[in-house]
*Asks:* 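First the structure, which I've put down as structure tokens, then a few questions once you've had a look.
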Amino acid sequence: MPGQALPGFREFYPEETALRSHIFKVWRDVAARYGFDEYDGPPLEPLELYTAKSGEEIVDQLYAFHDKAGRAVALRPEMTPTLARMVAARAQALKKPIRWFSIPQLFRYERQQRGRLREHFQLNMDLIGEPGPLADAEIIAAAIDVQRGLGFGPDDVRVRIADRRVVYALLVHAGVADDAMGTTYTVLDKFEREPRKKLHDRLTAAGLESAVADRALAVGAIRDRATLSTALGELAAGPDVGDDLFACMDALDAMGLGEFADIDLSIVRGLAYYTGIVFEVFDAPRSLRAICGGGRYDGLLKALGGVDLPATGFGMGDVVLSELVRARATRDHTGPRLDTFLIAVTAEDVAPVLELGHVMRDAGRSVEFALKAQSMGKQLKLAAARGARRAVIVGPDERAAGAAIVRDLDAGTEERVAFERLKQ
RNA sequence: GUGGCUGUAGCUCAAUUGGUUAGAGCGCCGGACUGUGGCUCCGGAGGUUGCGGGUUCAAUUCCCGUCAGCCACCCCA
């Protein structure tokens with residue numbers, strides 16, 4: 001045995017490649033329907049592209065090394081810094097809002113687990129230059145339409161939506177001090193994975209008073225508009241901080257996608273750079289990791305050394321999505337069928353079969369034939385195993401008549417067809 | 001990076017209290033079948049029992065290490 005692939009790296013056998021291609025096709029179809037243009041960048045980038053904003057500690061999460069010229073480089077773990085650089089370089093010339101998407105293969109040096117590898121493909125869709133909630137709704141709608149395109153409905157996948165500004169305002173109102181805000185976000189992020197008491201303990205351990213912790217957890221428990229409206233109504237600053245979130249939900253309703261979306265204030269997203277509406281897509285039973293995560297990141301592009309443009313977008317990986325598609329078997333994602341399997345009855349029929357086969361291939365058909373002398377039974381067996389639609393049999397009798405036997409392998413019916421017709 | 005669980009054929013799994021040549025189904029190859037596939041029957045290939053060491057007369061079985069997978073933590077692309 002020549003060993004095996006590195007841990008966390010996949011080999012794609014034809015069946016898996018077919019599934020991947022299917023997912024990529026849905027991704028590109030949806031992106032195109034939303035008017036997004038595809039871009040790409042280098043898979044290997046200067047290390048400082050990632051350490052600049054995330055700090056040195058990110059290095060042990062990366063595939064980072066020195067190239068032969070001594071440059072510190074890293075396999076890209078995310079696409080946003082590259083996107084920021086590319087947009088910045090042409091910011092003046094690009095018509096806003098910018099709608100761009102990409103399907104990069106990303107790398108992270110982490111211990112792998114189910115649904116989480118050291119390499120994956122990720123659909124990135126970003127809408128840059130528009131700060132309003134309709135841009136967020138557009139991005140979320142695209143994420144939902146990918147699910148629909150893969151055959152999933154509201155009973156299969158759910159989108160959970162929150163707004164960082166709303167969560168922040170409510171937490172401030174609950175009495176959470178600014179210096180405890182980060183910890184509180186982390187705790188809210190674990191809202192459904194840990195018992196309430198443990199979450200409470202974490203908050204008090206972070207210095208929150210018990211009553212404040214209770215109020216903070218009550219914020220994370222908000223799951224519907226009515227409760228959110230009530231909570232917002234108590235704010236001294238006024239309830240308008242929730243306007244964008246409500247507008248976004250309204251837009252999704254208007255698009256007919258409201259059935260997929262839930263308000264969920266425990267969604268905060270770990271990353272500090274999110275500034276507004278944030279969302280995650282999960283399988284409905286929540287048995288797998290997140291399918292997709294994203295949100296608004298106004299300010300990030302500027303912080304990355306680029307231009308000061310508002311932006312919203314998401315990343316959707318292929319690993320969890322593949323598992324879901326496979327598990328639900330929502331669609332046959334095998335490749336296109338073989339059109340014709342040519343059968344040579346005797347050795348003298350091989351050359352005519354080669355000629356006919358190549359003419360048919362030139363005409364655009366997919367054609368195979370046995371690569372060694374075999375009985376017709378064997379050849380038909382191979383044709384069936386290859387999934388061919390039809391077998392075209394060429395023997396001495398057929399050559400004499402100038403017409404081959406065309407056998408429909410699904411129906412089992414046969415008919416004689418002139419060679420000239422087969423070549424068309 | 002830390003901890004727990006698990007590693008037998010390509011896949012799913014067997015193998016008495018540690019016992020002599022590690023089995024089965026599916027899949028794969030060949031034959032029955034030299035002018036008609038799917039079915040059936042027969043045969044075959046394929047294992048350093050993840051790897052290394054230890055205990056023992058004897059290890060797939062017990063112990064240690066290591067690697068890999070899964071789970072939790074960390075982190076969340």
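So you know, we letter chains A, B, ... as the sequences are listed, proteins then strands, and number each from 1.
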*Asks:* Do A:Thr340 and A:Arg390 have side-chain atoms, one donor and one acceptor, less than 3.5 Å apart?
*Replies:*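 Yes.
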*Asks:* Please give me the minimum heavy-atom distance between A:Gly357 and A:Leu342, naming the atom from each residue.
*Replies:* CA-CD1, 3.3 Å
*Asks:* Does the gap between the ring centers of A:Phe101 and A:Tyr34 come in under 6.0 Å?
*Replies:* no
*Asks:* Between the base of B:G1 and the side chain of A:Arg111, is there any donor-acceptor pair under 3.5 Å?
*Replies:* no
*Asks:* Would you say A:Lys381 reaches B:C33's phosphate, i.e. side-chain N/O to OP1/OP2 under 4.0 Å?
*Replies:* no
*Asks:* Report yes or no: is the cationic atom of A:Arg118 (NZ for Lys, CZ for Arg) closer than 6.0 Å to the six-membered ring centre of A:Phe107, at no more than 45° off its axis?
*Replies:*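 Here A:Arg118 fails the 6.0 Å and 45° test against A:Phe107.
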*Asks:* Using whole Å, what does the distance between atom P of nucleotide B:A68 and atom CZ of A:Arg118 come to?
*Replies:* 8 Å
*Asks:* Indicate whether OP1 or OP2 belonging to B:C74 is found under 4.0 Å from a side-chain N or O atom of A:Lys190.
*Replies:* yes
*Asks:* Side chain of A:Glu414, base of B:U36: donor and acceptor closer than 3.5 Å?
*Replies:*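 By the distance-only test, yes, there is a pair.
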*Asks:* Check A:Glu130 with A:Lys96, please: is the shortest side-chain N to carboxylate O separation under 4.0 Å?
*Replies:* no
*Asks:* Take the protein atom CD of A:Gln61 and the nucleotide atom C1' of B:A77, then report the distance between them rounded to whole Å.
*Replies:*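 Between C1' of B:A77 and CD of A:Gln61: 10 Å.
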*Asks:* Is there a donor and acceptor pair closer than 3.5 Å between the side chain of A:Arg116 and the base of B:C75?
*Replies:* yes
*Asks:* With C1' as the reference atom in both, quote the distance from B:U56 to B:G19 in angstrom, rounded to an integer.
*Replies:* 12 Å
*Asks:* Let's see if you can work this out: which of B:A77, B:G31, B:C75 has an atom nearest to the side-chain heavy atoms of A:Arg193?
*Replies:*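 The closest nucleotide is B:C75.
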*Asks:* Taking the P atom in each of B:U17 and B:G4, what is the distance between them to the nearest angstrom?
*Replies:* 29 Å
*Asks:* If only side-chain N and O atoms of A:Gln379 are considered, is one of them under 4.0 Å from the OP1 or OP2 phosphate oxygen of B:G37?
*Replies:*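 For A:Gln379, the contact criterion (side-chain N or O under 4.0 Å from OP1 or OP2 of B:G37) is not met.
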*Asks:* Could you give the distance separating B:C63 and B:G25 at their C1' atoms, to the nearest angstrom?
*Replies:* 34 Å
*Asks:* When rounded to the nearest Å, what value does the distance between P atoms of B:G46 and B:G30 take?
*Replies:*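 The answer is 16 Å between these two P atoms.
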*Asks:* Verify whether one side chain among A:Glu45 and A:Thr82 offers a donor that lies under 3.5 Å from an acceptor in the other.
*Replies:* yes
*Asks:* Testing the 3.5 Å rule here: is there a donor-acceptor pair between the side chains of A:Thr186 and A:Asp189?
*Replies:*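 Short answer, no.
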*Asks:* Give a yes/no answer on whether the side chain of A:Arg289 brings an N or O atom under 4.0 Å of OP1 or OP2 in B:A77.
*Replies:*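 No, outside the criterion.
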*Asks:* Return the value, rounded to whole Å, for the distance between atom OH of A:Tyr63 and atom P of B:C75.
*Replies:* 20 Å
*Asks:* Examine B:G30: is either OP1 or OP2 under 4.0 Å from a nitrogen or oxygen in the side chain of A:Lys372? Give yes or no.
*Replies:*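 Affirmative; the distance criterion is met.
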*Asks:* For B:U12 versus B:G27, give the span between their P atoms, rounded off to a whole number of Å.
*Replies:*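 Result for the P pair: 15 Å, nearest Å.
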*Asks:* Under 3.5 Å, is there an N or O donor on one side and an acceptor on the other linking the side chain of A:Glu398 and the base of B:G35?
*Replies:*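 Present.
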*Asks:* Can you spot which of A:Val268, A:Leu265, A:Val212, A:Leu188 makes a side chain to side chain contact (heavy atoms under 4.5 Å, CB included) with A:Leu171?
*Replies:*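 Between A:Leu171 and the candidates, side chain to side chain contact (heavy atoms under 4.5 Å, CB included) is satisfied uniquely by A:Leu188.
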*Asks:* Show me, range against range, the stems involving RNA chain B, built from at least 3 consecutive Watson-Crick or G-U pairs below 3.5 Å.
*Replies:* B:1-7 with B:67-73, B:10-13 with B:23-26, B:28-32 with B:40-44, B:50-54 with B:62-66
*Asks:* If I take atom CG in residue A:Leu6 and atom P in nucleotide B:A68, what distance separates them, rounded to the nearest angstrom?
*Replies:*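 Between P of B:A68 and CG of A:Leu6: 9 Å.
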*Asks:* If you only use heavy atoms from C-beta on, which nucleotide in B:C75, B:G35, B:U36 is closest to the side chain of A:Asp397?
*Replies:*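 Output: B:G35.
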